[in-house]
Structures are given as structure tokens and as C-alpha cells.
Amino acid sequence: MSPATSVFRKILMGSAAAVGVLLLYLLIPAISFAAEPQMVEQTAWWIWMLLLFAFSFVLGIFSVLAGVGGGVLFVPIVSGFFPFHLDFIRGAGLLVALSGALSAGAPLMRKGLADLKLGLPMALVGSISSIAGALAGLAMPANIVQLLLGIAIMGIATLMMKSRGSGSIIDHQESDALSKMLGISGVYYDEVTKKDISWQIHRTPMGLVLFMFIGFIGGMFGMGAGWANVPVFNLLMGVPLKVAVATSGLVLSINGAAAAWVYIFKGAVIPLIAVPAIGGIMLGSKIGAKLLTKVNTRSVRMIVIIMLVIAGLRSLLKGFGI
Amino acid sequence: MMDKNKKSQGIDNVQQVYSKVLENVSHVGFVLLIGGYFVYILQLLPLSIPIDVIAGNWHLSAAEMHQKLNTPSGWSFFATTAMLMKGDVFSSLSIYYLATATIFCLLFTIPAYIRDKNYIYTTIAFFQIVVLLVAASGIIN
């Protein structure tokens with residue numbers, strides 16, 4: 001490819017990314033006015049539901065193409081641009097993450113990618129802390145949660161920028177005593193290399209501590225925590241990336257269920273908001289999976305990072321009452 | 001065929017039990033979720049709180065909305081049988097079902113772990129069920 005063609009392609013990719021962001025935001029014409037109570041009151045509920053469904057659908061596509069869970073994008077972005085209170089968005093966000101993990105769980109387990117022995121101990125500590133996180137998050141004033149959410153989103157965007165979507169090369173260190181005692185190791189069949197890949201883990205105690213922390217954050221903000229689970233499994237504990245991604249979903253399904261009950265009992269789960277969000281994200285994820293091989297995922301990832309930064313700034317501003 | 005056999009290599013019996021239950025439970029859950037929502041928004045059953053009223057107050061916090069509208073939360077739906085025949089309650093129950101899905105899966109793993117004489121994981125699965133049941137009971141709220 002000549003330098004001129006390469007530059008042209010880069011310009012084209014950049015323009016496509018910008019147009020993508022614009023299109024996404026234009027899908028919700030009321031976005032700019034969402035903070036205006038008069039505008040919100042004038043809009044019929046079913047229009048908001050259709051917008052939420054359409055927005056969640058686009059988020060579902062983008063989340064798969066960008067290699068992140070829908071749950072992590074849902075809370076920051078919807079809280080920035082829809083008139084619902086943050087409590088209901090966090091409740092819906094947890095259910096979005098939970099539903100995605102439940103629907104993908106069974107096939108991934110059958111393929112040996114999601115591993116129950118690896119996931120269960122992490123889920124046990126994570127679910128306890130996610131309940132604590134949910135209780136803390138719902139007890140805090142909304143502006144403090146917005147502020148903390150803004151900081152968390154900026155952190156996630158930074159993590160995404162640095163990770164570039166690739167996993168580590170696994171260092172084959174010896175298993176630690178705890179993982180040996182728990183019998184955590186496995187074999188999965190890699191469909192790309194057509195080989196059985198065996199794996200084992202190390203630094204299990206440190207992993208448990210971090211999963212406790214991640215569970216708390218996930219419960220507090222109602223976000224899926226795949227963005228944190230996967231690096232801990234992969235980079236810290238030496239789990240192969242595919243197994244890390246799949247097992248992260250298993251952990252999410254348990255942690256999300258535990259925290260969801262706290263939101264349910266606090267009255268923060270409204271089916272009117274939660275169901276279109278779940279439906280939109282799940283349908284979008286299926287389309288996203290089909291588009292995966294046809295779309296330049298790097299530019300999509302860049303769009304998602306830009307969206308997160310905008311949502312994070314908006315959340316910070318809301319937190320400061322601006 | 002060979003690939004299929006290879007894929008199932010190394011996957012323990014308990015994991016297969018969990019995935020089978022998860023598949024069935026989640027399929028039923030999603031059907032209930034969609035069905036329940038249409039019953040709700042099309043108002044095929046009477047509602048405990050009209051949709052317009054919910055929409056007019058969704059800018060309030062969950063606590064404020066509960067105080068203002070006395071929205072049912074937790075298992076309070078089961079207080080009377082009349083409540084169960086409301087469209088919004090029906091839709092809420094489908095969400096409750098999804099939130100209990102992992103409890104069903106874990107319940108089936110315990111006998112499988114006991115059969116495998118894996119008492120460490122029997123204990124972990126047991127405590128996980130206890131954590132989820134405590135959360136679902138509403139005691140901690």
C-alpha cells in the first residue's frame with residue numbers, strides 16, 4: 001500500500017469514526033435537552049422507551065465490536081443523556097450485564113472456555129462485595145455517585161486506550177498452593193489453531209482480593225465488570241484470554257444477580273426501563289457479533305472510547321452540579 | 001464430529017450440569033421477560049401503577065419514588081393474590097426470575113459435586129447459594 005493510500009485510509013477511518021459518534025448521538029434527538037424538565041415532561045413515555053431500545057441496540061453493536069461488555073457502556077452513557085434517575089439506570093445496567101452473561105454462558109461452558117472451578121471462588125468473594133457496593137451506592141447522594149462514576153469511567157477509558165484490546169502472552173509460571181488445592185486448571189480446544197490448549201493459574205490469593213474490589217465497584221455503579229475481570233484473570237493470574245473473557249461472564253452472572261437483589265428491594269428496578277434496555281443490548285450484541293469480521297474494530301473501539309470520555313465528563317459535571 | 005468430541009474433552013461433569021440448567025433457565029427467562037413486558041405496556045392486565053405516573057416520576061430517586069407512589073418492591077407482590085394479576089407485577093416477576101437463574105444452576109451443581117466427592121467445591125457452591133438467598137430474601141435491606 002502506498003503512503004498516499006495509507007494516509008487516505010487513515011483520514012477515511014477517522015471520518016468514519018467521527019460520523020459514527022455523530023450518528024449515534026443523532027439517534028437521540030432529545031439528548032441535548034434531556035436535562036430540561038419541560039422537554040422531558042412533554043415527551044411521551046413510549047418515545048423514551050423507543051429511544052432507549054434504539055440506543056441500547058446501538059450500544060449492543062458497539063460493545064461487541066469494541067470488545068467490551070454492554071453493561072459497562074450502558075450506565076455511563078445512558079445516565080448522561082436520558083431523564084431517568086441514576087438509581088433506575090444502575091438497576092437496569094446490572095440486569096443488562098446479568099442477561100448478557102446468562103445468554104452467553106451455556107455455550108461458552110460447553111466449549112470449556114468458561115470455567116466453573118475458576119469462576120466460583122472469585123464469584124463468591126465478588127458477590128459478597130457487590131452486595132456491599134450496591135448498598136453503599138444506593139445510600140450515597142446521587143451527586144457523589146455521579147462524581148465517582150465519572151472518575152471510574154475515565155479510568156475505564158484510559159484502560160481501554162492502553163490495552164488496545166490485546167491480552168498478555170501467558171507466562172507459564174507454576175500454579176500457586178491455593179489454585180492447586182482448588183484444582184483450578186483446564187484444557188480448551190482452540191478453533192483457530194485446532195489444538196488443545198492447557199492452562200493453569202497463579203497469584204490466586206491476590207486475584208481473590210482484586211475480585212472483591214471489582215465486585216464492590218460493579219455493585220456500586222451497576223456496571224458489568226468485564227473490563228476489570230478480564231485483565232485480572234489474564235494479566236495477573238495467567239488465564240488465557242479466551243478463558244478469561246468467558247469466565248468473566250460467569251462471574252458477572254453471579255455477582256450481578258447478588259447486587260440486582262439489592263436494587264430490586266430498594267425499588268430501583270423498573271421493568272419499564274430495564275426490559276427495553278436488556279432487549280436492545282442483546283439484539284444489538286447479536287448483530288455486532290455478525291458484523292465483527294466485516295468492520296474495522298479499531299475505529300469502533302476509538303468511537304467507544306470517545307463516547308466514554310464524553311459520558312465521563314458529563315457525569316463529572318453533573319457530580320459538581322454544573 | 002471429531003471437533004465436537006474434542007470440544008467436550010476436559011469439561012467436567014459438574015460444568016456440563018451447570019451449563020445445561022443455565023441454558024434451560026435462561027431461555028425460559030427471556031421468553032418470560034419479553035412476554036411480561038408486552039403484557040405490561042399493552043396493558044393486557046390492569047396495572048398497579050399507571051405507566052404515565054411512573055414516567056412522570058422516573059427523575060426521582062428510587063427511595064423518593066417509593067415514598068411518593070408506594071411502589072411495590074421485593075416480595076411484597078405476594079401479599080395478595082390480586083397483586084399478582086397486575087401487568088406491571090407480571091413484568092417485574094420475569095425480572096425476578098432472571099435474578100434467581102444462577103441459584104437454580106448452583107442448586108443442581110451441589111449433588112454433582114458430592115457425587116464427584118469434591119467437598120471443597122460443594123462448600124463453595126453451598127455458600128454461594130446462601131449469599132444469593134440472603135440477597136434475595138431482602139434481609140440485608
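In what follows, every heavy atom counts, from backbone to side chain, and hydrogens, waters and symmetry copies are set aside. Proteins get letters first, then strands, A, B, ... in listed order; numbering begins at 1 in each. This is a predicted model, so every value here is computed, not measured.
If you measure heavy-atom distances from B:Ser19 to chain A, the contacts under 4.5 Å come from both the backbone and the side chain. If you measure heavy-atom distances from B:Ser137 to chain A, the contacts under 4.5 Å come from the backbone alone. Looking at B:Ile124, both its backbone and its side chain come within 4.5 Å of chain A, counting heavy atoms on both sides. When heavy atoms are compared at a cutoff of 4.5 Å, B:Ser91 approaches chain A by way of both its backbone and its side chain. In this structure, chain A has a heavy atom under 4.5 Å from the backbone of B:Asp88, while its side chain stays farther away. Using a 4.5 Å cut-off between heavy atoms, B:Ala101 touches chain A through its side chain atoms alone. Contacts of B:Phe127 with chain A are made by both backbone and side-chain atoms, with heavy-atom separations under 4.5 Å. Heavy-atom distances place the side chain of B:Phe30, and not its backbone, under 4.5 Å from chain A. When heavy atoms are compared at a cutoff of 4.5 Å, B:Tyr113 approaches chain A solely by way of its side chain, counted from C-beta outward. Proximity to chain A (any heavy atom under 4.5 Å) is restricted, for B:Ile54, to the side chain, taken from C-beta onward. Of the atoms belonging to A:Phe84, heavy atoms from both backbone and side chain fall under 4.5 Å from chain B. Only the side chain of A:Ala274 comes within less than 4.5 Å of a heavy atom in chain B; its backbone stays farther off.
Residues A:Ser127 and A:Asn255 have side chains that never bring a donor and an acceptor to within less than 3.5 angstrom of each other. Side-chain polar atoms of B:Asn57 and B:Lys68 form a donor-acceptor pair below 3.5 angstrom.
A:Ile201 is not listed as a side-chain neighbour of A:Ser175, based on a closest heavy-atom distance of 4.5 Å or more.
Note on B:Leu106, B:Asp52, B:Val131: by heavy-atom pairs under 4.5 Å with chain A, the leading option is B:Val131. Ranked by heavy-atom pairs under 4.5 Å with chain B, the first of A:Ser253, A:Ala260, A:Ala259 is A:Ser253. Of the listed residues A:Ile131, A:Leu94, A:Leu250, A:Ile273, the one with more heavy-atom pairs under 4.5 angstrom with chain B than any other is A:Ile131. The candidate from B:Leu132, B:Ile51, B:Ile120 with the greatest count of non-hydrogen atom pairs under 4.5 Å with chain A is B:Ile51. Most heavy-atom pairs under 4.5 Å with chain A: of the set B:Gly29, B:Ala136, B:Ala135, this distinction falls to B:Ala136.
Scanning residues 262-270 of chain A against chain B with a 4.5 Å non-hydrogen threshold yields A:Val262, A:Ile264, A:Phe265, A:Lys266, A:Gly267, A:Ala268, A:Val269, A:Ile270, sorted by number.
Below 30°, between 30° and 60°, or above 60°: for B:Tyr97 and B:Phe104 the angle between ring planes is between 30° and 60°, a tilted geometry. Ring geometry for A:Phe53 against A:Phe57 counts as parallel: the plane angle stays under 30°, on a 0 to 90° scale with 60° as the upper cut.
Heavy-atom contacts from other residues, nucleotides or ligands closer than 6.0 Å to OH of B:Tyr96 number more than 12.
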